[in-house]
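Throughout, a chain's letter reflects where its sequence line sits, starting with A, and its residues are numbered from 1.
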There are 2 protein chains.
Amino acid sequence: MAYAEALTALADPTRRAVFEALRSGPRTVGEIAAGLPVSRPAVSQHLRVLEGAQLVSARQHGTRRIYRVDRAGLAILRGYLDSFWSDVLEAFRAEAEAQARAASEPAPKPSRARRAAPKRTRRTR
Amino acid sequence: MAYAEALTALADPTRRAVFEALRSGPRTVGEIAAGLPVSRPAVSQHLRVLEGAQLVSARQHGTRRIYRVDRAGLAILRGYLDSFWSDVLEAFRAEAEAQARAASEPAPKPSRARRAAPKRTRRTR
DNA sequence: TACTTACGTAATTCATGGCTTACGCAGAAG
DNA sequence: CTTCTGCGTAAGCCATGAATTACGTAAGTA
């Protein structure tokens, strides 16, 4: 379920901008903040979230922290989307096949019986 | 920039659950809501957001609306991550090469001059 | 025609979280 | 040792948005 953190992290536009700032290579916090319309502490907070999602990692170099993209979070996210993608393709295939099978059958009654009505449970909260 | 909407849409856990409910095939709004701890209107609102992100699409069938995964949004998202991934790999390669070049040089002075200090602009908002 | 089903939409409430300022701390520099 | 730089953290404010209830509507059904 690690992809959840990555998706949450990348949902915010500013945080995505922080992430994109590291796209072309490592940067310090100050460098990242200098290119964005938010304060440096805001960038620090975003970097913490990104780090928690394994999307970035940091190394201390003197008094400055150098952040870089961590491929782990990206790999997790790509893996999730890939599995979803293949599942969807499989579902499409199965659906098309079922439809083709139904078209070649005599249809027991022309009545509009689409689908067995699922058991309905009361939903309140 | 369409990937932004997709990321925003998939950031919410409930909305992700709605999306996942369509992973194995088309479903009606009521069916989706029956499997989730939220009300049916909530599911409707989530589906609207997902539709705006091109992650799902709907077809009317009598009185019910059948939602299914739209591959467009997924493709956009995967494309964004893929391009980011390759950029990151390229940045890593360039960095490793620069580091290897620096290691084989005489190093003009053992002083700790790491990097040219970037122009500092006041940042407040 | 009246009733029921399966929705979408509007209005409202309330929690999440993003941003700021203020502060503290480690490391380099003098 | 003192000063400055670069950064993380805390507290507080405020906007965004997720959920609910109430309502309206179109399409099947009796």
Among [options], which is the nearest nucleotide to the side chain of [X]?
X: A:Y67; options: D:dG8, D:dA19, C:dC7; result: D:dG8
X: B:P41; options: D:dA22, D:dC7, D:dA18; result: D:dA22
X: B:D12; options: D:dA18, C:dC19, D:dT21; result: D:dA18
X: A:R64; options: D:dC7, C:dT20, C:dG18; result: D:dC7
X: B:T63; options: C:dT5, D:dG8, C:dC7; result: C:dT5

Length of the NE2-P vector between A:H61 and C:dG27, whole Å: 14 Å
From CD1 of A:I32 across to P of D:dC7 the rounded distance in Å is 9 Å
For A:E97 and A:R93, run salt bridge (Lys or Arg N to Asp or Glu O under 4.0 Å): C-alpha distance rounded to whole Å, both residues' side-chain angles, the deciding distance at 0.1 Å, then the answer. CA-CA 6 Å; A:E97 183 187 315; A:R93 195 197 57 73; 3.1 Å; yes
List in numerical order all residues of residues 43-51 of chain A for which some heavy atom is under 4.0 Å away from an atom belonging to DNA chain C. A:Q45, A:H46
Any donor-acceptor pair, under 3.5 Å, between the side chain of A:R40 and the base of D:dG8, if you only look at N and O atoms? yes
Look at atom CZ of B:R16 and say whether more than 12 heavy atoms of other residues, nucleotides or ligands are closer to it than 6.0 Å. yes
Enumerate donor-acceptor pairs with a distance under 3.5 Å from any side-chain N or O in residues 5-14 of chain A to protein atoms, sequence neighbours excluded.
from, atom 1, to, atom 2, distance (Å)
A:T8, OG1, A:A4, O, 2.8
A:D12, OD2, A:T14, N, 3.2
A:D12, OD2, A:R15, N, 3.0

Listed by chain and number, what are the side chain to side chain donor-acceptor pair (under 3.5 Å) partners of A:R68, not counting sequence neighbours? B:E95
Check this one for me: any side-chain N or O of B:R65 less than 4.0 Å away from OP1 or OP2 of C:dA6? no
Phosphate oxygens OP1/OP2 of D:dG6: is one of them under 4.0 Å from a side-chain N or O of A:T28? no
